[in-house]
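Just so you know, these numbers come straight off a predicted model, no measurement behind them.
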Amino acid sequence: MAQNEEKLLSKGYEFSEVEEKWLRKWEEEKCFSAKMEEGKPSFSVVIPPPNVTGVLHVGHALNNTLQDIMVRYHRMCGDNTLWVPGTDHAGIATQNVVERQLALEGKGRHDLGRDAFIEKVWEWRQEKGGTIINQLRKLGASCDWERERFTMDEGLSSAVREVFVRLYKEGLIYKGDYIVNWCPRCHTALADDEVEHEDTKGKLYHIRYPYADGSGSVVVATTRPETMLGDTAVAVHPDDERYAHLGDIGIRLPLTDRVIPVVFDHHVQKDFGTGALKVTPSHDRDDYEIGIRHSLPLLKVMDDKGVMNEAAGKYAGLDRFAARRKVVEDLKEQGYLVEIEDYDHALGLCYRCKTVIEPTTSLQWFVSVRPLADKAVAAVKEGRINLYPKTWYNTFYSWMDNIRDWCISRQIWWGHRIPAWTCEECGALIVESTDPTSCPKCSSAKLVQENDVLDTWFSSALWPFSTMGWPENTKELATFYPTSVLVTSFDILFFWVARMMMMGIHFMDEVPFKDVYLHALVRDKHGKKMSKSTGNVIDPLEVMAQYGTDAMRFTLTAFAAQGREIKLDEDRIEGYRHFINKIWNAARFALMHVSDGDESVKDVVNDPKSLPLVHQWILSRTATTIDAVRNGLDEYHFNDVASSNYQFIWGEFCDWYVEWIKADLFSDDATAKNQARGVLLTVLETVLKLIHPITPFVTEEIWSALPGERSPLMTTEFPERQEGWKNPEVEAQMDLLMGVITGIRNIRSEAEVHPSNKIDAFINCPDAGQRELLGSFTRAISDMTRLKSFTVQEKGEKPDDAATYIFKDLEIFVPLMGLIDVAAELEKLGRERKKVEGKLKQINGKLGNDKFLANAPEAVVAKVREEKDELDAKLATIAEAEQRLKSIG
């Protein structure tokens, strides 16, 4: 019975047409819009806001695919479901983009002035800032796009200001000198996570610092000799007896006329190097902490552009790297330079312009985070926030225990300008929610606002509640806060996730999310970091255009195992494209046998035990798969969800069930036909629902072609657990039948018996019940393996010319005499043996070469050994095949 003509699926799955069609229809029908119905559970997610300057990369694709899976799942479960989309204003990055555009016109931001420059940035945002949002739409992200937010929009700006003012008045925001990461190119402080660390081959300079009394000297080592001009002490360990006497003597600082003290500090490792450490509090984070502990002066020797200042003496005016060369030259000339050695270290770079970062003291705004951090730690320890995978707990606690105050000011123009004013008359600092017009102390109207803006992370730390209308008490906050889960990359656990915890608990008296799922970074198939310079970047947009979005999404999901690195291989994406096509073809086959008006045939599943064995089996396996998929989704085991779907759909539904029921579908037995049609349609519908969260496009298209009037698949109910379908006994019986069929097929394949040749099969089966079962399915087994005869016996001798397959307690024999040309097959195997032996000889030659083993990279040697193992295994297989053929001949 054929399906209506207008509902037939095309021969091949044209993914580009299908994707465009459903993206349009879903949004037109407002399928993504959040509902707030009384009495229903809520599920909410806020998107980790990508930079407004960004374009979709493979990390975004993974992150948003996993979020979309959860959102689609809970929407189908009937929950009030909200996924808030949005972008981050990305202060430094966006300002750099617009400044580069101005540079092409021969202008800088100071030529325009602050207000005109900000207006220029807003123009850029309107024109170019929606790129990544449109790309997320193409990925199939089912966000409530009508609720899109931007960290600089009016509502979020109000929330940012309210938070800043409250924290300031609570004494948790202050202004002061502190060591920060400084970019001499961008002229701004940077957060720790805005500094990229690159392994670099540098130099370690060993310098002799003489005692002030001339009685000796100590050697210190540094990678930045120009900073010695800002040294204000040498530190040694309190228990280091070698230097105990120096507390009264001091050190004469080379190249200067200063004498600096020796301080005793437990931070110094007395067994490392000489046990002495130069202390430059204004240009090194650890040194700064030592300086604070010992009340050392802060001496800055370079300005904000990385140029040596007047405190650097004769080196003033030199760029820091030119100063380094000159300092080293002078140290050598004056006899202070002991040694220069090659030294590999991690160099800090600005994440935007790649300029080498300069740690320096600067007058900045800070958040005192200890009181906020303690509340966040308590929430995690009490289980109000759960981390997945659980391996992150100890790292989280360790980082939070050692957390430093948060520098929140940035010396740029694009961002939330700090709402603080200084009175020019009396110097009072004014921080208010509304712009002040006069000084509350002296009534002067001469007020000057701070030039700095807030760190981008400050506004994004409020994201879970600011996007829902806070500080107003909105219905969205009442319904969807706290959010259900945050899905993000592990590398921003501390710089964003932890800050959201702190802000959410402090201002909402409730955690911002119940669960945090931290996925790994996506690397290439060899486990290497993707980068343009190495040419191993996988562009998700290109992959989606080549293989389809569903194939891309399924691959990412299949690789997303908790705590494991994701090694992405385009070959796997292509492989999963075949899986998508498999689903399509199975649906086309089903639609050949059901049509509009046939929905009632599904009633047969209401009494599964009245159905033939194969139907009971597929329903039981369907029930097991429903449980596996639901459990995987509830516990964030995304790879298990993908694997369960894949194994069931391809391995059981398509390869076994559909193949098995073909005879019934084409038979004249109306009962058998309707049973097959009813179960086939039921299972196909269930399959589409189960895998829809991962592969929304192909499933939605197939769903729309099934019999009857249908609302979009994404709005239907997710499969409920079906305990009544489960039948372990039936599964065991089918496992026996499938094992026998697989065994006979394997013998045919390995012996290369032509498909047109019918064969005889003998089975030794000691169990009477199993013999009876196999005997009752003689026809099905014979049809599926092209048998001439099928003999089931308790015990029988193996024919001399037979190939054997063992399955559990069963022995399967297939006589091969006359079915294959033994001499020809032996000759072919002989040729293959020579080829393998030739390759093996070359490999063994390499592995026997001591020079190769000593000089070749470890990875190359490992690959050669792997090739040897593969060739040895292949040779063993050939030997087995030859022995088997000789026994026949």
Side-chain angles (χ1 to χ4, degrees), residues 26-27 29-49 63-86 141-149 155-156 159 379-380 382-388 460-488 497 500-501 503-517 629-636 638 641 689 692-693 696 711-721:
W26 285 330
E27 291 199 38
E29 297 180 21
K30 299 189 181 301
C31 293
F32 303 160
S33 298
K35 295 180 175 62
M36 292 181 279
E37 298 177 9
E38 297 291 337
K40 283 191 172 183
S42 295
F43 181 84
S44 56
V45 177
V46 289
I47 202 169
N63 180 270
N64 287 279
T65 292
L66 299 183
Q67 289 177 84
D68 193 48
I69 289 169
M70 296 304 301
V71 167
R72 288 179 182 270
Y73 167 55
H74 281 276
R75 191 184 285 120
M76 292 175 75
C77 287
D79 299 347
N80 287 324
T81 305
L82 171 65
W83 186 10
V84 179
S142 60
C143 298
D144 188 340
W145 297 110
E146 294 177 334
R147 296 175 184 268
E148 183 183 341
R149 304 307 301 267
L156 270 69
V380 174
E382 292 163 8
R384 290 185 287 134
I385 299 176
N386 304 297
L387 305 182
Y388 297 87
S460 61
L462 320 180
W463 192 247
F465 56 92
S466 64
T467 53
M468 295 186 195
W470 188 89
E472 301 298 323
N473 292 319
T474 64
K475 189 175 182 181
E476 285 81 0
L477 276 172
T479 305
F480 295 115
Y481 190 92
T483 61
S484 305
V485 59
L486 177 77
V487 179
T488 190
V497 181
M500 283 190 287
M501 292 182 189
M503 293 298 193
I505 295 170
H506 189 73
F507 287 97
M508 298 296 295
D509 292 322
E510 179 58 278
V511 297
F513 26 70
K514 298 166 187 173
D515 294 336
V516 179
Y517 176 84
V629 170
R630 275 186 168 273
N631 291 340
L633 290 169
D634 291 340
E635 297 169 8
Y636 310 113
F638 295 102
V641 175
K689 291 179 180 181
H692 171 78
S711 56
L713 173 59
M714 67 168 291
T715 63
T716 61
E717 187 178 352
F718 199 79
E720 295 288 346
R721 299 181 190 272

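- No option in Phe638, Phe513, Tyr636 other than Tyr636 meets the ring-ring contact (aromatic ring centres under 6.0 Å, His included) test with Tyr388.
- The shortest heavy-atom contact between Trp83 and Asn64 is CH2-O, 3.5 Å.
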I would like to know whether Val45 and Val487 meet side chain to side chain contact (heavy atoms under 4.5 Å, CB included); could you show each step before the answer? CA-CA 8 Å; Val45 177; Val487 179; 5.6 Å; no
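- The line from CZ of Arg72 to CG of Leu713 is 9.0 Å long, rounded to the nearest 0.5 Å.
- Taking each heavy atom of Asp515 and Asn386 in turn, the nearest pair found is OD1-ND2, 3.0 Å.
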How far apart are the C-alpha atoms of Thr716 and Ser711, what are their side-chain angles, what is the distance that settles it, and do they pass the side chain to side chain contact (heavy atoms under 4.5 Å, CB included) test? CA-CA 7 Å; Thr716 61; Ser711 56; 4.1 Å; yes
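- Separating the CD1 atom in Ile69 from the CD atom in Gln67 is a distance of 10.5 Å, to the nearest 0.5 Å.
- The backbone N or O of Ile47 sits less than 3.5 Å from a side-chain atom of Trp463, completing a donor-acceptor pair.
- Remark: side-chain polar atoms of Thr81 are paired, donor with acceptor, to backbone N or O of Asp79 under 3.5 angstrom.
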Could you go through Glu717 and Lys689, starting from their C-alpha distance and side-chain angles, then the distance that decides it, and tell me whether this counts as salt bridge (Lys or Arg N to Asp or Glu O under 4.0 Å)? CA-CA 8 Å; Glu717 187 178 352; Lys689 291 179 180 181; over 6 Å; no
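- Although no hydrogens or angles enter the test, the distance criterion places no donor-acceptor pair under 3.5 Å between the side chain of Arg75 and the main chain of Met70.
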Could you walk me through whether Ile385 and Lys514 pass the side chain to side chain contact (heavy atoms under 4.5 Å, CB included) check? CA-CA 5 Å; Ile385 299 176; Lys514 298 166 187 173; over 6 Å; no
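- In this structure, Asp68 contributes its side chain and Ser142 its backbone to a donor-acceptor pair below 3.5 Å.
- Ser44 places none of its side-chain heavy atoms less than 4.5 Å from the side chain of Val84.
- Expressed to the nearest 0.5 Å, how far CG of Leu82 lies from OG of Ser33 amounts to 10.0 Å.
- Looking only at side-chain heavy atoms (C-beta outward), Trp145 and Pro85 come within less than 4.5 Å of each other.
- A salt bridge links Arg147 with Glu476: the distance from a Lys NZ or Arg NE/NH1/NH2 to an Asp or Glu carboxylate oxygen falls below 4.0 Å.
- Once rounded to the nearest 0.5 Å, the distance linking NZ of Lys35 with OG1 of Thr479 reads 13.5 Å.
- Note that NE2 of His74 is 6.5 Å distant from OG of Ser484, once rounded to the nearest 0.5 Å.
- Asn80 CG to Phe480 CZ: the interatomic distance, rounded to the nearest 0.5 Å, is 5.0 Å.
- Taking the six-membered ring for Trp and thresholds of 30 and 60 degrees, His692 and Trp26 have ring planes more than 60 degrees apart, a perpendicular arrangement.
- Scanning all heavy atoms of the two residues, the minimum distance from Gly469 to Thr474 falls at CA-CG2, 3.8 Å.
- Side-chain contact check for Phe465 versus Pro482: every heavy-atom pair is 4.5 Å or farther apart.
- Remark: the backbone N or O of Thr467 is paired with a side-chain donor or acceptor of Arg149 at under 3.5 angstrom.
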Between Glu510 and Ile505, is a side chain to side chain contact (heavy atoms under 4.5 Å, CB included) present by the stated rule, with each step listed? CA-CA 5 Å; Glu510 179 58 278; Ile505 295 170; over 6 Å; no
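- At least one donor-acceptor pair closer than 3.5 Å links the side chain of Arg630 to the backbone N or O of Pro719.
- Contact record, Val485 with Phe43: CG1-CZ, 3.7 Å, taken as the closest heavy-atom pair.
- Considering every non-hydrogen atom in both Gly86 and Glu148, the closest pair reads CA-CG, 4.2 Å.
- Between Ser466 and Ala159 the shortest heavy-atom distance is CB-CB, 3.8 Å.
- No donor-acceptor pair closer than 3.5 Å links the side chain of Thr483 to the backbone N or O of Pro464.
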